[in-house]
Number of protein chains: 2
Amino acid sequence: MPGPEFELLSKHILKRVQLADEELNFMLSQFKLTRIKKRQFIVQPGFTAKHRNFVYSGAFRAYVVIDNGEDHTIQFAIEDWWITDYNSYYNSEPATLFVMALEDSVILQLSRENEDMLKQANHKYETFFRISAERAQAFHFRQLITNLTQPAEYRYENFLEKYPLIANRVPQYALASYLGMTTEYLSKLRNKRTAK
Amino acid sequence: MPGPEFELLSKHILKRVQLADEELNFMLSQFKLTRIKKRQFIVQPGFTAKHRNFVYSGAFRAYVVIDNGEDHTIQFAIEDWWITDYNSYYNSEPATLFVMALEDSVILQLSRENEDMLKQANHKYETFFRISAERAQAFHFRQLITNLTQPAEYRYENFLEKYPLIANRVPQYALASYLGMTTEYLSKLRNKRTAK
DNA sequence: TAAAAAAGTTGAACCAGTTTAACTTTTTTG
DNA sequence: CAAAAAAGTTAAACTGGTTCAACTTTTTTA
């Protein structure tokens, strides 16, 4: 009945918290399956991000556009990852990020209201979101360290090693801005590598 | 009875979650007051960070030392802030950061075991830690965006505006590495500003 | 409180990464 | 599937920020 989309999400949840069947099913029932076309936006500046999005299939990119028109990738998400503008989602304020589909995708969306309801309904649901936030916090913390301490070339090597699946799937300009360098420079780094 | 240290922490907690008197007191009773001398470490690489630390007074600096001996500030904490190596604390693995007192300080320490116990004991405690993690997540996310999108000079101006209390209280070399630049360059930026 | 250590300053030489621009390859779309 | 648009490549000129080195000021400690 639930379909493979909900099975992936179930696994994801049960890896983090133990739930009885009914508890799990109730939680799942709060998610809405949505199909997103390539290039479609699920978050846009000026509008409040109403959902937390679990990627079942496809890929997304979160980015900021600054005054001069440059865009900077802040996050990627592929299968089994979450994505949204968390500042907007948590604080119910207008987003500053774009979140765009890089491929045709299928996501499971949880609204802020449903999330709040779940958190209040059952201690275990709250635990799940607490663990998610802690992991995200630790993730961003490590990312900050890498950005601050490592030169461009190492950041690229490091990304290749940690996320080979993402590295070869997203457009190069998007990856370059994620790593804090220009497309041209990343192009050179890639060439240098394959030349070796 | 509790003293001003615990009053600051009480306010901090009650701002995030509603607790009855006994609930609050039980939570507070899990914290241990510790006095830390300037230059003393509360977290060191190789040792697991056993506590989450709430700063009542004083100031701390978290930093990484990389191969060539350079150090990079990752976080500051003054009154009413938390500090630890979260990767180490959450995952019970050896720390990679140093956390050092920049001044004689007073902190309230909560151990991982006591935190886990609190989270299990009462839904509201869990809510408190969930909110803390969400806020920290959003904070690091914004920081990542600033680092990625703004040039050195703006990052300094921005920091001055947002954290004037910290900017003039921590050593310049520590601030420079936090902002991702050398001491020498920050010195020049500061001079340029006062010259205006 | 003197002397040693740590922090901050200044300027010149340098370089990792950017910019600009012209070109090639890949992807999208009518 | 042809033409247009988007993405990626290459090379030369350039620059924001670093490095190095010598010096001054502030802080620490015996």
Check your understanding: In terms of the angle between their ring planes, are B:Tyr163 and B:Phe159 parallel, tilted or perpendicular, with boundaries placed at 30° and 60°?
Key -> tilted
Study note, to complete from the structure: A:Tyr173 OH to D:dA6 P, in whole Å, measures 10 Å
Check your understanding: Does the ring center of B:Tyr56 lie less than 6.0 Å from the ring center of B:Phe6?
Key -> no
Check your understanding: Rounded to whole angstroms, how far apart are OH on A:Tyr154 and C1' on C:dA16?
Key -> 18 Å
Study note, to complete from the structure: Atom CG of B:Leu189 and atom P of C:dG8 are separated, to the nearest Å, by 15 Å
Check your understanding: Starting at CE of B:Met181 and ending at P of C:dC15, how long is that distance when rounded to a whole Å?
Key -> 22 Å
Exercise for review: Look at the side chain of A:Ala152 and decide which nucleotide, out of D:dT18, C:dG17, D:dG8, has an atom nearest to it.
Suggested key: C:dG17
Review point. Looking at A:Thr182, does any N or O in its side chain come under 4.0 Å of the phosphate oxygens OP1/OP2 on C:dT18?
Key: yes
Point to revise | A:Met100 CE to D:dA6 C1', straight-line distance once rounded to whole Å | key: 12 Å
Practice item. Would you indicate what A:Tyr185 reaches in the nucleic acid, counting non-hydrogen atoms under 4.0 angstrom: base, sugar-phosphate, or nothing? Key: base
Point to revise | Ring centre gap for B:Phe141 and A:His140 strictly below 6.0 Å | key: yes
Point to revise | Ring center gap for A:Phe54 and A:Phe31 short of 6.0 angstrom | key: no
Practice item. Assess the pair A:Tyr178 and A:Phe76: is the distance between their ring centroids shorter than 6.0 Å? Key: yes
Exercise for review: Could you tell me the separation between the CD atom of A:Glu184 and the C1' atom of D:dG8, rounded to a whole number of Å?
Suggested key: 9 Å
Review point. What integer distance in Å separates A:Tyr156:OH from D:dG8:C1'?
Key: 13 Å
With the criterion being N/O to N/O and under 3.5 Å, what pairs connect the protein with nucleotides 28-30 of chain D, and how long is each?
{"from": "D:dT28", "atom 1": "OP1", "to": "B:Lys38", "atom 2": "NZ", "distance (Å)": "2.6"}

Check your understanding: So, is B:Gln172 near the phosphate of C:dT9, with a side-chain N or O under 4.0 Å from OP1 or OP2?
Key -> yes
**Study point:** Polar contact flag, side-chain donor to acceptor under 3.5 angstrom, A:Asn147-A:Arg155
**Key:** no
Study note, to complete from the structure: Between B:Val170 and B:Lys188, the residue closer to the 5' end of DNA chain C by nearest nucleotide is B:Val170
Practice item. Check whether the ring centres of B:His51 and B:Trp82 lie less than 6.0 Å apart, and answer yes or no. Key: no
Study note, to complete from the structure: Separation of C:dT18 atom P from B:Leu148 atom CG, nearest Å, is 11 Å
